[in-house]
Participant: 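One structure coming up, written as structure tokens, with questions to follow.
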Amino acid sequence: MENPLLLFPQLNTSASKDKSYYKVMKSTIKEEAHKASKPGAKQKRNRLSLLLQKPEFHESDHLGKPGNLAKATSVSPEEAVKWGESFDKLLSEKAGLDAFTKFLKTEFSEENIEFWIACEDYKKSKTARELLPKAKAIFETFIEKDAPKEVNLDFHTKEVTSQNIHQPLITTFDAAQSTVYRLMEQDSYPRFLRSDPYINLVKGRSPSRPTLRRRSRSFTVNDFQGVRPDFTIW
């Protein structure tokens with residue numbers, strides 16, 4: 001008996017088309033199901049996305065990743081020594097800000113410097129129209145309760161900032177920024193000056209890859225009033 005496929009070649013063609021059709025449909029269904037399973041982005045993330053387009057945010061992000069920690073900014077020992085003169089001197093220079101940001105990332109406290117940078121950008125707003133969206137993005141990201149990158153503020157500072165957020169001014173975040181600045185200056189900055197990457201920069205050595213370590217707790221400004229921190233544990 002002759003092969004029916006030879007007698008009716010159209011059957012073979014139809015079967016082939018059916019198989020291709022079902023393969024395409026199966027792939028499409030899987031793709032749609034995968035897309036549907038992804039959670040929607042939070043509104044606060046969307047608001048912050050415009051703010052994070054700033055070059056300084058991207059530089060901080062990629063410089064702080066563990067794989068890039070060894071790629072320290074090329075600075076002279078003399079320049080690195082100047083960073084030890086004051087915290088303001090460190091942050092006023094791009095190379096110093098980058099180095100300090102990388103250090104904070106190893107301690108998982110980069111939200112402090114990111115908040116400070118966001119406040120600096122906020123104060124550069126040229127029109128009142130720019131203030132409200134930026135203020136909401138900063139508040140929802142760094143200040144409100146359970147914010148994704150909540151910084152440690154005392155109750156009074158957080159309350160005053162919360163009250164002023166609906167009609168923001170250039171000075172809306174000044175108190176909160178000053179508080180975070182003091183915390184970094186009195187807590188993280190001394191440890192940065194004692195860290196191996198900074199010491200290597202001062203001595204002109206190639207930077208080594210620092211060890212990531214988790215903070216035991218977040219400090220508040222009250223921890224440092226009238227008390228000199230003991231850094232010997234580091």
Participant: Considering residues at least two apart in sequence or located in another chain, which fulfil the side chain to side chain contact (heavy atoms under 4.5 Å, CB included) criterion with Ala175?
Facilitator: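 Result, side chain to side chain contact (heavy atoms under 4.5 Å, CB included) vs Ala175: Thr157.
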Participant: Can you check whether Asp196's main-chain N or O pairs, donor with acceptor, with Asn200's side chain at less than 3.5 Å?
Facilitator: yes
Participant: Does any N or O in the side chain of Ser125 come within less than 3.5 Å of the main-chain N or O of Tyr122, such that one atom is a donor and the other an acceptor?
Facilitator: yes
Participant: State the CD-CG distance between Glu185 and Asn112, to the nearest 0.5 angstrom.
Facilitator: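 Atom-to-atom, Glu185:CD and Asn112:CG are 13.0 Å apart.
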Participant: Can you name the residues that form a salt bridge (charged side-chain N to carboxylate O under 4.0 Å, His left out) with Glu79, not counting sequence neighbours?
Facilitator: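 Scan of Glu79 (salt bridge (charged side-chain N to carboxylate O under 4.0 Å, His left out), adjacent residues dropped) gives none.
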Participant: Suppose we screen for salt bridge (charged side-chain N to carboxylate O under 4.0 Å, His left out). Which residues come up paired with Glu120, at least two apart in sequence or across chains?
Facilitator: Lys123
Participant: Applying side chain to side chain contact (heavy atoms under 4.5 Å, CB included), name anything that partners Lys203, two or more places apart in sequence or on another chain.
Facilitator: Ile199, Arg205
Participant: By side-chain hydrogen bond (donor to acceptor under 3.5 Å, both in side chains), which residues pair with Ser188, not counting sequence neighbours?
Facilitator: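 Ser188: no side-chain hydrogen bond (donor to acceptor under 3.5 Å, both in side chains) contacts found.
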Participant: Does Gln167 have more than 12 heavy atoms from other residues, nucleotides or ligands lying within 6.0 Å of its CD?
Facilitator: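 Check fails, neighbour count at 12 or below.
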Participant: Test of understanding: with side-chain hydrogen bond (donor to acceptor under 3.5 Å, both in side chains), list the residues that count as partners of Lys89, not counting sequence neighbours.
Facilitator: Glu93
Participant: Is the shortest distance from a Lys or Arg side-chain nitrogen in Asp187 or Arg191 to a carboxylate oxygen in the other one below 4.0 Å?
Facilitator: yes
Participant: Which residues satisfy the side chain to side chain contact (heavy atoms under 4.5 Å, CB included) test with Val202, sequence neighbours excluded?
Facilitator: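 Partners of Val202 under the side chain to side chain contact (heavy atoms under 4.5 Å, CB included) test: Ala80, Val81, Tyr198.
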Participant: What residue pairs, at least two apart or across chains, pass ring-ring contact (aromatic ring centres under 6.0 Å, His included) with a residue in residues 147-171?
Facilitator: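 Applying ring-ring contact (aromatic ring centres under 6.0 Å, His included) to every pair that reaches into residues 147-171, excluding sequence neighbours, yields nothing.
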Participant: Got a sec, which residues hit side chain to side chain contact (heavy atoms under 4.5 Å, CB included) with Ser178, two or more places apart in sequence or on another chain?
Facilitator: Arg182
Participant: Take Asp98 and Lys94 through the test salt bridge (charged side-chain N to carboxylate O under 4.0 Å, His left out) and record every step on the way to the result.
Facilitator: CA-CA 6 Å; Asp98 288 346; Lys94 183 181 182 301; 2.9 Å; yes
Participant: Does the Glu150 side chain pair with the main chain of Asp146, one donor and one acceptor, at a distance under 3.5 Å?
Facilitator: yes
Participant: Applying side-chain hydrogen bond (donor to acceptor under 3.5 Å, both in side chains), can you list everything that pairs with Glu159, at least two apart in sequence or on another chain?
Facilitator: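 Applying side-chain hydrogen bond (donor to acceptor under 3.5 Å, both in side chains) to Glu159 gives none.
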Participant: Can you name the ring pair (Phe, Tyr, Trp, His ring centres under 6.0 Å) partners of Phe87, sequence neighbours left out?
Facilitator: Phe100, Tyr181, Tyr189
Participant: Which value, rounded to the nearest 0.5 Å, describes the distance between Lys158 atom NZ and Asn152 atom CG?
Facilitator: 7.5 Å
Participant: Could you state whether Ile143 and Ile170 fall into the same hydrophobic cluster, counting links through intermediate Ile, Leu, Val, Met, Phe, Trp or Tyr residues with side-chain heavy atoms under 4.5 angstrom apart?
Facilitator: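 Linked, Ile143 and Ile170 end up in one cluster.
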